[in-house]
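All values derive from a computational prediction rather than experimental measurement.
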Amino acid sequence: MEDYPSWFVDMARTVAPPLGTVLSHVAWRSGYLKSKQAAQEAILDVLQPLDIVLVSSKGKRSGQMIPGLFGHAAVYLGTQQELQRLGVWSSPKVQPHSARIRNGQVFIEADAEGVHLSKASVVLNTDAVAILRPRFGSLPQRRRAVLDYFSAIGMKFDFLFDVDSPDCTFCTELIHRVMPQLDLPIMEIYGIRTIIPDSVAVSAIRKNGTLAFVGYIKGDQNGWSQAPISELANDIGENWAARQR
């Protein structure tokens with residue numbers, strides 16, 4: 001994945017925050033799933049708190065900046081009712097955000113605006129979605145993870161995508177910080193240790209024990225479909241094969 005000379009990478013790092021902020025707003029079309037209400041409902045119907053949602057948004061510049069099929073990850077935290085069932089709704093970490101949750105902001109993500117809650121209509125404005133479910137051994141672990149996500153709200157975005165940065169984070173690093181037991185695959189690119197979304201999907205495909213495959217929904221100009229895990233693997237493979245050509 002190291003396609004550029006080191007001098008170019010060093011130069012790009014110096015302007016990463018302002019450049020990344022600008023590019024995050026560049027899009028030449030909406031996601032294929034944005035207008036497909038049935039597809040969005042199919043996704044929301046199966047989501048459970050702490051599910052990881054990988055999104056592929058090739059109509060956005062930010063969706064093409066990260067190598068691979070998937071360019072971003074968000075986490076579903078749940079509705080008021082789901083958080084009540086978990087026993088965390090009344091927590092001081094959750095209550096400051098109660099109005100936003102009631103307003104539909106049931107996802108958490110780290111992007112150029114930092115770590116924040118988002119509506120489904122924002123997260124699912126994309127071309128394809130892979131849903132992965134963390135395997136947890138106990139209810140207390142799930143509660144602690146949800147509360148740790150809420151504690152991360154307001155954290156700055158890491159434009160260098162460095163998992164070792166202590167005071168800022170990016171989408172998959174946020175998951176790694178809150179749920180280190182998932183053992184997400186870390187790789188070194190241009191001297192920086194990072195986690196790319198495709199590698200998270202591959203962890204579930206390979207059934208490493210910490211992530212379960214829940215579903216893969218993708219759209220195009222003509223419609224949408226629910227696809228099996230084998231098609232997810234093929235799509236990732238084809239994307240990387242095209243990159244190498």
Query - Flag side-chain contact, heavy atom, 4.5 Å: Leu184 against Leu211 - result: yes
Query - Distance (rounded to the nearest 0.5 Å) between Ile52 CD1 and Leu47 CG - result: 11.5 Å
Query raised in the report: Do you know which of Asn239, Leu69, Leu33, Val129 makes side-chain contact (heavy atoms from CB on, under 4.5 Å) with Ser56?
Result: Leu69
Report summary line: When every non-hydrogen atom of Leu182 is compared with those of Pro134, the smallest separation belongs to CD2-CB, 3.7 Å
Query raised in the report: Can you name the nearest heavy-atom pair linking Lys93 to Phe150, along with the distance?
Result: O-CB, 3.6 Å
Query raised in the report: So with a 6.0 Å cut-off around NZ of Lys218, is the heavy-atom count from everything else above 12?
Result: yes
**Report entry** Shortest non-hydrogen separation from Arg102 to Trp89 and the atoms involved
**Finding:** NH2-CZ2, 3.6 Å
Query raised in the report: Quick one: CG on Leu124 to NZ on Lys36, what's the gap to the nearest 0.5 Å?
Result: 13.0 Å
Query - Residues Leu117, Leu77; criterion side chain to side chain contact (heavy atoms under 4.5 Å, CB included); working and verdict - result: CA-CA 9 Å; Leu117 298 178; Leu77 292 182; 3.9 Å; yes
Query raised in the report: Does Pro49 offer a backbone N or O that forms a donor-acceptor pair with the side chain of Arg142 under 3.5 Å?
Result: yes
**Report entry** Heavy-atom pair with the smallest gap, counting every atom of Arg143 and Gly87
**Finding:** NE-CA, 4.3 Å
**Report entry** Beyond-backbone contact of Met179 with Tyr149, side-chain heavy atoms, under 4.5 angstrom
**Finding:** yes
Query raised in the report: Within the distance-only criterion (no hydrogens, no angle test), does the side chain of Glu82 pair as donor or acceptor with the backbone N or O of Thr79 below 3.5 angstrom?
Result: yes
Report task. Check whether any side-chain heavy atom of Val200 sits under 4.5 Å from a side-chain heavy atom of Phe70, and report yes or no. Result -> no
Report task. Measure the shortest side-chain to side-chain distance between Phe213 and Arg133 over non-hydrogen atoms and say whether it is less than 4.5 angstrom. Result -> no
Requested in this report: Please examine the side chains of Thr172 and Ile196, heavy atoms only from C-beta on, and report whether any two atoms are closer than 4.5 Å.
Outcome: no
Query raised in the report: Passes side chain to side chain contact (heavy atoms under 4.5 Å, CB included), Asp127 versus Asp220? Steps please.
Result: CA-CA 7 Å; Asp127 300 336; Asp220 56 27; over 6 Å; no
Query raised in the report: Would a hydrophobic clustering, with Ile, Leu, Val, Met, Phe, Trp and Tyr connected at side-chain separations under 4.5 Å, put Tyr32 with Tyr216?
Result: no
Query - Validation row: Ser118, Ile108 side chains within 4.5 angstrom (heavy atoms) - result: no
Report task. Mark yes when over 12 heavy atoms from residues, nucleotides or ligands other than Arg206 sit less than 6.0 Å from its CZ; otherwise mark no. Result -> no
Query raised in the report: Given the rule that I, L, V, M, F, W and Y join up when any side-chain heavy atoms are under 4.5 Å apart, are Met187 and Ile236 in one cluster?
Result: yes
Query raised in the report: What heavy-atom pair brings Ile195 and Ser199 nearest, and what distance separates the two atoms?
Result: CG2-OG, 4.0 Å
Query raised in the report: Do Tyr76 and Val46 have side chains that get closer than 4.5 Å, going by heavy atoms?
Result: no
Requested in this report: Can you measure from CD (Gln141) to CZ (Arg135) and round to the nearest 0.5 angstrom?
Outcome: 14.0 Å
Query raised in the report: Do the non-hydrogen side-chain atoms of Val163 and Ile192 ever get within less than 4.5 Å of each other?
Result: no
Query raised in the report: At what distance, to the nearest 0.5 angstrom, does CG of Asp158 lie from CD of Glu173?
Result: 5.5 Å
Query - Phe107 side, atom CZ; Ile101 side, atom CD1 - distance, nearest 0.5 Å - result: 13.0 Å
Query raised in the report: Can a donor-acceptor pair be found between the side chains of Thr210 and Asp183 at a distance below 3.5 Å?
Result: no
Query raised in the report: If you measure from CD1 on Ile153 to CD on Gln105, what distance do you get to the nearest 0.5 Å?
Result: 9.0 Å
Query raised in the report: So which heavy atom on Gly71 is nearest to which on Pro197, and how close?
Result: C-CG, 3.9 Å
Query raised in the report: Going through the checks in order, is the side chain to side chain contact (heavy atoms under 4.5 Å, CB included) test met by Glu109 and Val122?
Result: CA-CA 11 Å; Glu109 59 179 336; Val122 174; 4.2 Å; yes
Query raised in the report: How far apart are the C-alpha atoms of His176 and Ile186, what are their side-chain angles, what is the distance that settles it, and do they pass the side chain to side chain contact (heavy atoms under 4.5 Å, CB included) test?
Result: CA-CA 10 Å; His176 172 68; Ile186 298 173; 4.0 Å; yes
